[in-house]
Each structure stands twice: as structure tokens, then as C-alpha cells.
Protein chains: 2
Amino acid sequence: MPRPRQALLSRERIVTTALALIDADGLAALSTRRLAAALGVQGPSLYNHFATKDEILDAVADSVTATVDVSAFGRYDWCEALRRWAVSYRAALAAHPNIVPYLAQGPGRRPAALAMADAVYGGLVRAGWPPARATHIGAALRYYVAGSALGSFARGFVEDPALYAAHPHLSQAHRLAGHQRSVDEGAFVLGLDALLHGLAAEYERTVAGLEPATARE
Amino acid sequence: MPRPRQALLSRERIVTTALALIDADGLAALSTRRLAAALGVQGPSLYNHFATKDEILDAVADSVTATVDVSAFGRYDWCEALRRWAVSYRAALAAHPNIVPYLAQGPGRRPAALAMADAVYGGLVRAGWPPARATHIGAALRYYVAGSALGSFARGFVEDPALYAAHPHLSQAHRLAGHQRSVDEGAFVLGLDALLHGLAAEYERTVAGLEPATARE
DNA sequence: ACCTGAACACCGTTCAAGT
DNA sequence: ACCTGAACACCGTTCAAGT
């Protein structure tokens, strides 16, 4: 046969397989050779579809961001929309925690990340938040969500009671690992509610009273 | 001479130099060979002082955490103490952003990180927060601080106006990079104040009214 | 157009050998 | 006790060669 009828690889297949390997073995364990082997080809073949390994990671990160639901910004008031977006955002990241350190560095040039930033910022400005304030709120929520997904708080504590003997208040810390999911979820919801509560108070003080409803063009 | 009078290396010198290299060139650029070269020795020499490269990174991370000031927990009410701790914590991380992705994975077995967790948790419990609540609050604040230091929000946007043409609300996003520090600082303070405001409201609702002042042993 | 083998300049880590 | 040279099994990436 003069040419294979169809290419062995595609960008989509590379991204899907890379994400599966990262989920299974961690970001550090992903090498171009191992990824290629999982796809049934040799390492250099990947370079016919992506210029660098970082470009593959960008595509993986964006495929995760693409699953975040921002539709709440058209349907609910700004505060409830922020809450629903943050919950969806965190769920998307928590499903693939190993890619979060890479993803959390910023949107860069990734289309889904930029579309998300656009929806959030636009939603806040439409609600009457001054543009600079909208930027700060979007950043603060991203800080919180990224931090919450970046490595479980509970899993960060080693399951070794002896380690905590010297710390009077941490005598139960070794149990955290066993309740990882509920601790992380509970902490996330508590902090998110507090954050939104505080923002709502700020909104009442500085936006609702000071501007007529039609002040934004 | 039969033996060098004193060792060329020490754990402290290795950690200091490693942090300087990470600050200058990023975490990915730190290799054992480059670190050794900066110290005037060969790569394998490092293994006389640390068992693995990860152990070096642990020590670097802990040296950063050690600069966080937790003394506010003895001197102020829980809310003001949380605020001062969070500001100090963020300042420590923001001074060395390139190590944050490593550091933010959790305290692990690092002594300074464990001491900090102990001080925060202990301070909250002493103030009357139920233990499970104290855990959640400590986690939520860590999420927020780690996320805020993990990569500048503003720097995450590329300085290329053409990139944002397709996103109606992001037309000014390319300017963010120029205001990096003020955007990130402003967002951090706004979110921190909101978070603490919300927690204070929660405290009034669920702790102050329900327990007599002496309820905690 | 897309995949491959060989090669380059790197990695982290081990270990026998030196002083 | 601590540093070194040589070696091992890996990396990301390039490129001429194949079909």
C-alpha cells in the first residue's frame, strides 16, 4: 500500500489519551514516548500533530475547561450565577486534579479558558459591577476554585499519627485522609458561601444604591 | 591534604541556591546538574545531603512556609488573626511564585507547614469554632491563598490584543499584564474581605449565640 | 501527508573509587 | 565523611528517510 488509508493519529485522540494517562499516573509521568506507546506509535509521530509537548498539555487543559458550564450567567442573578459557575468549575477540575497545576497558571491562549473568562466578566458587568470590580471578582473566584482543586487539602496530610505528635491541635489530622472527599467538599461550600455572602454585602453598599438601574450601557 | 577541612556543601546552602534558581528560571529549569554547577560541585554530590530531588524541593518549600507569620492568632480575635495570617501567607508565596505549584499540594511531612496548620486550627478552635468547622475554614483560606499565588491572574492573559477580538467583554484584557501587581493585589484583598465578612456572619449565626463563652475546654 | 529510526543534548539516580 | 567519573534508563525534540 502506498499510503495508509487514514492517519493513525488525530489531535483529538492524542488529547483524550493524554488526559487518561495524566488522570491515571500524574502529570510528571506523562512523557511523549509513553503517550505515543499508548497510542500505538513512536514518540516523534506526535510532532506531526502538535509542535511541542506543552501544546498537547494546553489542549488537554482546554478540553477540561470546555466542560465548565457558564450558562447560569444568562439565567440567574449575578450572585447565583457565580455560585453555579464556581460549582461547575470546581467539579470539572476536581475530576482531573493532576492537570490543575498546569491549567491554573492562567488562560494563556486557550479558547475555552478565554470564553469562560469572557462569560464571567460579561455577566458581572451586565449586572452593574464596575469593570475593575468585575475583574477582581472573577480573579478572586478563580483563585478560590483553582486552589480548591489544586491538591486536596485533606489528602495533603499524611496518614501517619506519629507525625502529628508534636502539634497539639493536629492529633486527629491523620484521619483527614480517610474523609478526603467530604472535608474538601464541605470546606469548598463553606468558603464559597462566605465569599458570595461578602460580595453580596459589598454589592448592596457600593453598586445597588449608587447607580440607577440603567447606568450601564 | 587527606580530607577537605570542611564540607563544600550543606543542606542550607543547597536549599538557598535552589530557591534562587527556581525564582530566576522557574521550577522546570531546576535540574540536579544545574543546581550542582551553581554550587561548584558535580551532580551526584547532592545525594550526600538529600536522598532525592523531591526532598530538596520539600526543604525549599518549607523554607518559604517558615517565613509566614502566624503570631496574630495569639493577639487578635479569630477574624483579624485570619486576615493577618492570610496576608502574610500570600506575601510569602507571592515572593516565590515558581515554587507554589509544588508547595500547594499540601503540607505533607514539612515541619513549617505542619506548624502553620496547627497554629491556624488551634486559633480557630480556641475562638469557639467547632473542630470540623475550623478544619473547613483553614482549608478554605488555604485554597484561596494558594490559588491567588499560583500564577498571577493578570499575567495569565497574553499581551496580544488580537487574541481577544472574538470575545466581546475581553477587549481590554491585553492591558491586564501591565497592571499585574495591582490587579492581583486588589482582587486578593477584595476576595479576602468578602470571605471574612461571610465567615463573621456565619460565626454570629452559629457559634456566638448558641454556646456560652466557656463552652470550649 | 504522516510515520519511523537514529541521533542530540539533556534528565534523576546509583555506585565503585578516591581522599 | 564527602566528592567524583562513569554508567543506567530515561527525557523532549530534530531530521533525513521511507511510503
Side-chain angles (χ1 to χ4, degrees), chain A residues 1-62 98-99 101-103 105 108-109, chain B residues 1-62 98-99 101-103 105 108-109:
Chain A
M1 62 201 74
R3 247 184 260 166
R5 302 92 219 264
Q6 62 182 44
L8 294 172
L9 294 178
S10 68
R11 286 175 66 97
E12 193 189 348
R13 217 161 80 75
I14 291 170
V15 168
T16 305
T17 306
L19 181 55
L21 286 179
I22 290 168
D23 285 345
D25 304 322
L27 192 57
L30 186 81
S31 73
T32 54
R33 282 173 175 85
R34 293 216 325 137
L35 173 55
L39 289 159
V41 298
Q42 300 297 317
S45 300
L46 299 170
Y47 291 84
N48 285 296
H49 302 269
F50 290 95
T52 63
K53 184 189 176 185
D54 261 18
E55 231 179 58
I56 299 176
L57 292 178
D58 271 339
V60 170
D62 220 38
N98 294 337
I99 191 69
Y102 186 88
L103 183 149
Q105 308 277 12
R109 300 173 170 278
Chain B
M1 63 202 74
R3 248 184 259 166
R5 301 95 218 268
Q6 63 182 43
L8 295 172
L9 293 179
S10 69
R11 286 175 65 96
E12 195 189 347
R13 219 162 78 74
I14 292 170
V15 168
T16 306
T17 306
L19 181 55
L21 286 179
I22 290 168
D23 285 345
D25 303 323
L27 191 58
L30 186 81
S31 73
T32 54
R33 282 173 175 85
R34 293 214 328 136
L35 173 55
L39 289 159
V41 298
Q42 300 297 318
S45 302
L46 299 170
Y47 291 85
N48 285 296
H49 303 268
F50 291 95
T52 62
K53 183 188 176 184
D54 261 19
E55 232 179 57
I56 299 176
L57 292 178
D58 270 340
V60 170
D62 220 38
N98 294 336
I99 191 69
Y102 187 89
L103 183 150
Q105 309 276 10
R109 300 174 169 278

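What you are looking at is a predicted structure, and each value in this text was computed from that prediction instead of being measured. Letters A, B, ... mirror the listed sequences (proteins, then strands); counts begin at 1.
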What is the distance, to the nearest angstrom, from the OH atom on A/Tyr47 to the P atom on C/dA7? 19 Å
A/Glu55 atom CD is separated from D/dG12 atom C1', nearest whole Å, by 14 Å
Could you check which residues of residues 18-25 of chain B get a heavy atom under 4.0 Å from DNA chain D? Sort them by number, please. none
The side-chain contact (heavy atoms from CB on, under 4.5 Å) partners of B/Ala38 (sequence neighbours excluded) come to B/Thr17, B/Leu21
Going by the salt bridge (Lys or Arg N to Asp or Glu O under 4.0 Å) test, which pairs reach into residues 35-44 of chain A, not counting sequence neighbours? none
Going by salt bridge (Lys or Arg N to Asp or Glu O under 4.0 Å), name the pairs with one or both residues in residues 37-58 of chain B, residues two or more places apart or in two chains. B/Asp58-B/Arg110
Applying salt bridge (Lys or Arg N to Asp or Glu O under 4.0 Å) to B/Arg33 and not counting sequence neighbours gives none
Hey, does the side chain of A/Asn98 reach the backbone of A/Leu27 with a donor-acceptor pair shorter than 3.5 angstrom? no
Those residues that, when tested against A/Asp23, pass side chain to side chain donor-acceptor pair (under 3.5 Å) (two or more places apart): A/His96
Residues forming a side chain to side chain donor-acceptor pair (under 3.5 Å) with A/Asp25, sequence neighbours excluded: A/Arg34
Nucleotide C/dC3, atom P - distance to CZ of A/Phe50 in whole Å: 13 Å
Restricting to side-chain contact (heavy atoms from CB on, under 4.5 Å), what partner residues turn up for B/Thr16, sequence neighbours left out? B/Glu12
So if I take every side-chain heavy atom of B/Pro44 and compare against D/dC3, C/dT14, C/dC3, which nucleotide ends up nearest? C/dT14
Got a sec, which residues hit salt bridge (Lys or Arg N to Asp or Glu O under 4.0 Å) with A/Arg109, two or more places apart in sequence or on another chain? B/Asp160
Rounded to whole angstrom units, what separation is found between the CG atom of A/Leu46 and the P atom of C/dA1? 19 Å
Distance check needed: D/dT14 P versus A/Lys53 NZ, whole Å only. 14 Å
Using a 3.5 Å limit for the pairing distances, which stems of at least 3 consecutive Watson-Crick or G-U wobble pairs does DNA chain C take part in? C:4-8 with D:12-16, C:12-16 with D:4-8
Starting at CG of B/Leu27 and ending at C1' of C/dC11, how long is that distance when rounded to a whole Å? 14 Å
Please give, in whole Å, the distance from C/dC2 C1' to A/Arg11 CZ? 15 Å
Quick one: B/His49 NE2 to C/dT13 P, roughly how many Å, whole number? 16 Å
Close side-chain approach of B/Ile56 and B/Leu35, heavy atoms under 4.5 Å: yes
Whether A/Arg11 side chain and A/Ala59 backbone form a donor-acceptor pair below 3.5 Å: no
Where along residues 29-42 of chain B does a heavy atom come under 4.0 Å from DNA chain D, residue by residue in number order? B/Arg33, B/Val41, B/Gln42
